Amino acid sequence: MSIYAQLAQAMFPNIDKTPAYYEELYPERQLKEGARVVRIAPSPTGYLHLGTFFTSMVNRMTASASDGVFFFRLEDTDKKREVEGGADDILKGMNDFGLTIDEGFVAPGVVKGDYGPYQQSCRAEIYQAYVKCLVEQNLAYPCFCSEEQRQAARELQEQKKDRTGYYGEYAICRTLTPEETLAKVEAGQPYVVRLRSMGSEQNRIKYDDMIKGTIEMPENDEDIVLLKSDGIPTYHFAHAIDDHLMHTTHVIRGDEWISSVPKHIQLFKVLGFKQPKYAHVSPIMVEENGNKRKLSKRKDPQAAMHFYAQQGYPADSVLEYLLTIANSDFEDWRRANPTADRMSFKFNLKKMSVSGALFDLDKLNDVSKTVIARMDAETVTQRVIAWAEEYAPEFATLLKRDMAYTTGVFAIDRGNAKPRKDIGKWNEVQDYVSYFFPELYNNDLELPETIAPADAAAILRAYTTVYDPAQDKDAWFTTVKSICADLGFSPDVKAYKADPTAFKGHVGDVSTVIRIAITGRRNTPDLCSIMQQLGVETVMQRLHTAIETWEN
RNA sequence: GGCCCGUUGGUCAAGUGGCCUAAGACUCCGGCCUCUCACGCCGGCAACAGCGGUUCGAAUCCGCUACGGGUCACCA
C-alpha cells in the first residue's frame with residue numbers, strides 16, 4: 001500500500017465506495033439529441049430572490065426549448081447561514097410564480113428523480129469517496145493551517161503586494177512530506193482537504209461562455225478547499241461532483257461565478273469529468289445615486305418574490321416581464337402571438353444581454369396591465385379572490401358574497417376587442433371597484449368647478465324622468481343627449497367647441513354629473529354598464545342623494 | 001490594488017464594416033377616436049462614453065483613457 005493510500009485510508013476509514021461505483025449508479029441520461037440538462041442550485045439562506053427566480057426562468061426556458069430537463073438541487077452546505085424554512089420558501093415561490101421543475105425538489109417536501117439525493121448535506125459520502133481517490137493519487141492533501149496562520153499569510157501578501165490566496169510558496173501544508181501529513185492526521189489534528197493545483201498564473205485559459213462570449217483568464221494556481229473541516233464540500237467541489245453525476249450539460253448561473261470558472265475547469269479536468277457548458281447571467285440591477293447596483297435583499301423590497309405576491313402581480317406578468325429582459329424580442333413575439341403559450345417562444349441564451357438590466361417597475365406594470373386585460377371575467381374574479389383571501393380577507397368576503405354579481409363587475413368592458421387596461425395588480429382592485437360595494441363606497445359628490453351644483457341637480461332631476469334601466473349603451477347615450485338642450489347644454493361636443501359661450505357645457509359635462517352621482521368619481525368605465533350592474537334601486541337612491549346634496 | 005466583464009435615448013434594447021440622416025418597447029408630451037377615463041391610432045422629445053488608429057467607408061475592428069459592474073473565504 002502506497003503512503004498516499006495509507007493517508008487516504010487514515011482520513012476516510014469509513015468510505016469504501018469508489019468513484020467507479022457512483023459512475024455506475026448514475027448512468028448517462030437517455031434523452032434525445034441536443035437535450036439540455038440544466039439546474040438551479042440555490043442555497044437556503046433566505047427567501048426567494050428575484051435574481052434566483054430570473055436565473056431559474058432562464059434555465060426553465062433553456063430546458064424546454066430543447067426537450068431537456070430542469071432540476072432543482074439544494075446547496076445546503078453552509079450550515080452557518082442556513083435559514084429555517086428557506087428551502088420551502090424558495091420552492092413555494094417557484095411554484096406560485098409558475099416555474100415547473102422536472103426533477104429534484106419539485107415542490108416543498110416533494111422530491112423526484114433518479115440522480116439524487118438532491119440535497120448536498122445528504123451527499124457527504126459521495127464527495128468523500130472522490131476526495132479519497134484524489135488523495136490516493138496525491139492530487140489533494142490535508143491542510144492543517146489555522147485561521148490565524150492564514151490571516152497572517154494574507155497580511156504578508158498584502159504587504160508584499162502579492163495576490164492573496166493559498167498557492168505556491170504560501171501553500172505550507174502542500175510541502176509537508178506524506179509521512180508528516182499522515183502523522184498529523186493520525187494524531188487527530190483538524191484539517192481541510194485542498195486540491196494540489198497543477199496550474200500556473202502564467203498560463204492563460206480560454207472558455208466560451210454562451211452569454212458573455214469568449215473569456216480569457218489566468219489558470220487557477222490556488223490550492224482551493226475541497227472539503228471543509230466538517231467534511232462538507234465547498235461549492236466549487238460540490239458543483240463539479242454533482243453536475244457531473246447528475247449529467248448537467250449547461251450550467252446557467254449568476255455572473256458572480258465567472259471569476260471562479262478557472263477553478264471549476266481545473267476541477268473537472270483533475271477529476272476526469274466532461275466539462276459542461278457555462279452561461280453566466282447578468283444580474284438585475286437597481287439605480288441608486290446615479291449608479292447601478294445589484295438588487296439587494298436588505299434595501300430593495302422588489303428583490304423578494306414575496307413583494308410581487310403581496311402586491312398581487314399575476315405570475316404571468318412577472319414571467320413575461322422577466323422574459324422581456326432575458327430575450328428582448330419576446331415582446332415582439334408576444335404582440336404577434338397574443339394568446340400563444342410562452343413556452344413556444346424560441347428562447348435562446350445567445351440573445352441575452354451581456355450587461356445587467358435595471359429593474360423597471362413602469363415596464364412591469366405595463367406588461368401586467370396587458371396580461372390582466374387578456375383575462376376573462378371569471379379568471380379575474382378567481383384570481384382576485386385568491387389574492388384577497390391571503391392579503392385582504394375582508395375584501396375577499398365581500399367579493400364572495402355574491403359571485404354572480406362580482407363576476408358581473410369584472411365583466412364590464414372586458415372580453416371585447418379593446419379590453420380595458422387599467423388593472424395592473426390585484427391590490428388596486430379594491431379601490432377600482434369600490435363603488436360597486438356599499439361597504440366600500442365613498443360617497444364623494446364633489447363637482448368640477450365648471451359645473452354649478454344647481455345645474456347638476458337640475459340635470460339629475462331631468463335624468464330621473466327619462467332613466468330607463470333596460471336601455472343598451474347606444475340608447476342610454478341618446479337619452480343623455482336628449483336632456484341636454486333644455487338644460488342649456490350642447491348635446492354635440494363639436495357644436496359646443498365652436499361656440500362655448502352659447503352653452504353652459506356639453507353632453508360630456510352632463511354625463512360627468514351623472515357619473516359622479518352614481519359612482520362618486522369623474523372617471524370610470526362605461527357608465528351604462530355600471531348602472532345596469534348596480535341595479536335600479538341603487539341607481540335611483542344614489543341619484544336622489546346627489547340631488548339633495550347639490551340642492552342644499 | 002490584481003484579475004475578469006461591460007458602456008447605443010431617462011429605462012429595456014435592435015444593430016456583427018456600407019441597407020444607420022440608428023428599429024421597436026416603456027416613461028413623458030401633443031393630437032385623433034359620435035360622454036369621462038383607460039385602450040387604440042397618429043405624431044413628438046431623446047442615444048452610438050471620450051480620444052486616437054485600421055479602412056474608400058466604423059455604433060460595428062484595434063489601442064488608450066474615463067466611468068460602471070463582478071471577484072479575490074473552511075459563503076454560496
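Just so it is clear: chains get the letters A, B, ... in the order the sequence lines come, proteins before strands, and each one is counted from 1. Computed from a prediction, not measured in an experiment: that's the story for all the values here.
With hydrogens and angles left out, the side-chain atoms of A:Gln266 and A:Asn220 include a donor and acceptor closer than 3.5 Å. In this structure, a donor-acceptor pair under 3.5 Å is present between the side chains of A:Arg154 and A:Gln151. For the residue pair A:Asp242/A:Tyr127, the side-chain donor-acceptor check at 3.5 Å is satisfied. Looking only at atom types and distance, the side chain of A:Gln157 has no donor-acceptor partner in the side chain of A:Asp162 under 3.5 Å away.
Using a 4.0 Å heavy-atom cutoff across all strands shown, A:Ser282 reaches no nucleic acid atom at all. Backbone-only engagement by A:Lys80 is indicated by non-hydrogen atom pairs under 4.0 Å involving sugar-phosphate atoms exclusively. Here A:Arg293 lies out of heavy-atom contact (under 4.0 Å) with every strand. Across all strands shown, A:Pro283 has no heavy atoms under 4.0 Å from either base or sugar-phosphate atoms. Here A:Ser43 lies in heavy-atom contact (under 4.0 Å) with sugar-phosphate atoms only. When heavy atoms are screened at a 4.0 angstrom cut-off, A:Thr524 is found touching base atoms of the nucleic acid. As judged by a 4.0 angstrom heavy-atom cut-off over every strand, A:Lys418 is placed among the base-contacting residues. Nucleic acid contact for A:Arg334: none, since no nucleic acid atom lies under 4.0 Å from a heavy atom of the residue. Among the heavy atoms of the strands lying under 4.0 Å from A:Glu216 are primed sugar atoms or P, OP1, OP2 only; no base atom is included. Contact annotation for A:Asp526: base contact, defined as any heavy-atom pair under 4.0 Å involving a base atom.
When the side-chain nitrogen and oxygen atoms of A:Thr77 are compared with OP1 and OP2 of B:A76, one or more of them lie within a distance under 4.0 Å. A close approach under 4.0 Å does occur between a side-chain nitrogen or oxygen of A:Arg194 and OP1 or OP2 of B:C74.
Rounded to an integer number of Å, the gap from A:Arg253 CZ to B:G70 C1' is 13 Å. Here B:C3 presents its C1' atom at 17 Å from NZ of A:Lys206, a figure rounded to the nearest Å. If you measure from atom OH of A:Tyr170 to atom P of B:A73, you get 14 Å, rounded to the nearest angstrom. A:Leu527 has its CG atom 11 Å from the C1' atom of B:C37, to the nearest Å. Taking atom CD1 of residue A:Ile215 and atom C1' of nucleotide B:G70, one finds them 11 Å apart after rounding to whole Å. In this structure, A:Ile423 atom CD1 and B:A38 atom P are separated by 15 Å, rounded to whole Å. In this structure, the NZ atom of A:Lys212 is 12 Å from the P atom of B:U71, given to the nearest Å.
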May I have the step-by-step check of side-chain hydrogen bond (donor to acceptor under 3.5 Å, both in side chains) for A:Tyr141 and A:Asp223, ending in yes or no?
CA-CA 9 Å; A:Tyr141 64 90; A:Asp223 286 356; 2.6 Å; yes
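A salt bridge links A:Glu331 with A:Lys363: the distance from a Lys NZ or Arg NE/NH1/NH2 to an Asp or Glu carboxylate oxygen falls below 4.0 Å.
With hydrogens and angles left out, the side chain of A:Arg522 and the base of B:C37 share no donor-acceptor pair within 3.5 Å. Between the side chain of A:Arg81 and the base of B:C75, a donor-acceptor pair under 3.5 Å is found. Side-chain atoms of A:Ser229 and base atoms of B:C74 include a donor and an acceptor less than 3.5 Å apart.
With both ends at atom P, the span from B:A49 to B:A58 equals 15 Å, rounded to whole Å.
Residues from residues 349-376 of chain A lying near RNA chain B, meaning a heavy-atom separation below 4.0 Å, are A:Ser353, A:Val354, A:Ser355, A:Ala357, A:Leu358, A:Asp360, A:Asp362, A:Lys363, A:Asp366 in numerical order.
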